[in-house]
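Remember, it's a predicted structure, so these values are computed and weren't measured experimentally.
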Amino acid sequence: MTDEHDTIDALMDEQRLFPPSAAFKAQALAVDTSLYDEANVDYQGFWAKQAESLLDWSTDWHTICEWELPYSKWFVGGELNVSFNCLDRHVLAGKGDKVAFHWEGEPGDSRTITYSDLLGEVQQFANVLKDLGVQRGDRVNIYLPMIPEAAVAMLACARIGAAHSVVFGGFSAQSLTDRINDAEAKVLITADGGYRRGEVFPLKAAADEAVEGTPTIEHVVVVRRGGNAVEMVDGRDHWYHELMATADPVCPAEPMPSEQLLFLLYTSGTTGKPKGIMHTSGGYLTQVAFTHKYVFDLHPDTDVYWCTADVGWITGHSYIVYGPLANGATQVMYEGVPNFPGNDRFWEIIEKYRVTKFYTAPTAIRTFMKWGAEEPAKHDLSSLQLLGSVGEPINPEAWMWYHEHIGGGRCPIVDTWWQTETGGIMISPLPGCTTTKPGSATFPLPGIGAELVDDDANLVTRGGGYLTLTRPWPGMLRGIWGDPERYADTYWSRFQGRYFAGDGAKLDEQGYLWLLGRVDDVMNVSGHRISTTEVESALVSHPSVAEAAVVGANDPTTGQAIIAYVILRGGQDASETDLRNHVAHEIGAIAKPKAIYITPDLPKTRSGKIMRRLLRDVAEGRNLGDTTTLADASVVNELQRKAQEAPTED
């Protein structure tokens, strides 16, 4: 236990409870603690059972897990093909006509792609890659919009044992160059352009610029999507449709070792150099198939599942491509933004395809709150049975809004915690058996070991601490590409024998876990360690507030002062004094912001994450440096102007 002074102060106390309804339990896959009980007895045996029942293996493994801290290998000696597990086996089972993707383009065009269609295209493109000289163990970079060819390219790489490295289409040419060079990729797959906010955003020009600085790229494959003019370099650049027209239609899925590198995915590092997170085949696919099945209570014959993430992020890898396709799910894939042509585009898509399971991010939910409940009210959302949240902790009021206005008060919400590094979901309710609390990710999933510790690595059983993982799990990262020392330092050096990637959390009286965001986002105010997440949740619980971002700025008196940036809901009003007093009422006077700026928008990355570093720079009057990864850089200039003009309250 910690002493009187908590590692991170736990200030908010949420007591609303939402047990699964009788109707949901009646059809749920997991309705009691039996999965947890089984995993608690023998967690390795539990994962072996999942690997055996959820996947098809061509060769059995001889060892479930080899664990030499900090490296694990799972299902050693076993062989499988990830592409076969996602495609061929469903077609062989007679489900070739089942829809894999209902694809919706932003302009309103659509494609229906069955498992047979997808298998055919993946086999052809796997042969295209082979014809371009790609071999087992090579790396292939993918820089595409949210089009079906992104999933085709990933699965084609998996089919032949090449590792893919997907770079989000919103990233700059320099970001792409860095990632290609780190992986020493041989082929780049891109598009002329894609649709975003009603216009074509060009990708090929950025790809051309990136490739100028990459000595290893031999070929560039270009998918035609935007129809915009592009320059094609003779001998290097090839149109996707032309290569596909002459490719052999049959490419057998070769068995791969369980530990075959499946993909690299780059995540930003504190030093600025991106980290190439390594994920392999058997263990990763086991975990994403298991979590997708049980967290979303998947009934593949009747469900229509929609995850709104981009394939360029880990969520798109695990919960659009690999988990759902391994489970034979029918999905929606959408190319564009949620507000084109209107603010109700997502709800229109849910109504059109009768979506049953919906997985999106808290930042999107808070944006929907800002646009108002009248937008979802225009559509019939009665097909929805379950809602999910991913990417950051969800504020209790955003959870309640999601529950009421999107779920109609009847859908369980699975608030999921995991990371690029963990591969799959680690902490989440199981919707048929977990009583949820708004804003809590609840408990570690079966087979996952998670504990909170204080600064001295003592176990924390109530209150705030650092979230650590205590034992290996199948989907865990296998290292950082080319940098084993950085892997050990980044994740395993802070607490002996524990994985720690920088998140704070708290345990309440009932043992529920509440994520508090990254510990870099914990403020030290007069000796109290206060999480930005809790102050943001307090602000969002005010009826006029749609979204809030909170940072700690240096303060000569208190060490750090709490500075808040607030977006109001449409048509609502609130004064800074009202909001400061509301925070004091919700979580105590110690958490009252010193200054509150009301703003129409916040600086966000292209994936929707708030750039708190820039907000700290604004609050402390610093030069902002590089803002190229922002979705809209003009937001920051406006905030700077307000900060210079505004008086602050003590």
Handout entry: Under the side-chain contact (heavy atoms from CB on, under 4.5 Å) test, residues paired with Ala210 that sit two or more places apart
Key =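 Partners of Ala210 by the side-chain contact (heavy atoms from CB on, under 4.5 Å) criterion, ordered by chain and then number, come out as Ala173, Leu176, Thr177.
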Problem - Set of residues satisfying side-chain contact (heavy atoms from CB on, under 4.5 Å) with respect to Phe201, sequence neighbours excluded - result: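 So Phe201 forms a side-chain contact (heavy atoms from CB on, under 4.5 Å) with Pro145, Arg196, Leu203.
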Exercise for the section: Could you list the residues that satisfy salt bridge (Lys or Arg N to Asp or Glu O under 4.0 Å) with Glu374, not counting sequence neighbours? Expected result: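 None.
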Problem - Between Ser175 and Tyr266: side-chain donor-acceptor atoms closer than 3.5 Å - result: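 The answer is no; no qualifying pair exists.
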Exercise for the section: Classify the ring geometry between Phe346 and Phe358 as parallel (under 30°), tilted (30 to 60°) or perpendicular (over 60°). Expected result: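 Judged by the thresholds at 30° and 60°, the geometry between Phe346 and Phe358 is perpendicular.
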Practice task
Could you tell me how the ring of Phe168 sits relative to the ring of Phe171: parallel (under 30°), tilted (30 to 60°) or perpendicular (over 60°)?
Solution key: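 Geometry flag for Phe171 against Phe168: perpendicular rings.
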Short side-chain to backbone donor-acceptor contact, [X] and [Y], under 3.5 Å:
X	Y	value
Glu586	Leu539	no
Ser440	Thr442	yes
Tyr402	Gly388	yes
Thr532	Val551	no
Asn395	Glu397	no
Ser428	Thr416	no

Problem - Non-hydrogen atoms of Glu375 and Asp344 that approach each other most closely - result: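 Answer, listing the atom of Glu375 first, then Asp344: OE1-CB, 3.5 Å.
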Handout entry: Qualifying residue, where the test is ring pair (Phe, Tyr, Trp, His ring centres under 6.0 Å) with Trp347 and the options are Trp306, Phe368, Trp371
Key =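 So, applying the ring pair (Phe, Tyr, Trp, His ring centres under 6.0 Å) to Trp347 and each of Trp306, Phe368, Trp371, only Phe368 qualifies.
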Exercise for the section: Answer yes or no: is there an ion pair linking Arg345 with Glu104, defined by an N-O contact shorter than 4.0 Å? Expected result: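 Glu104 and Arg345: salt-bridged.
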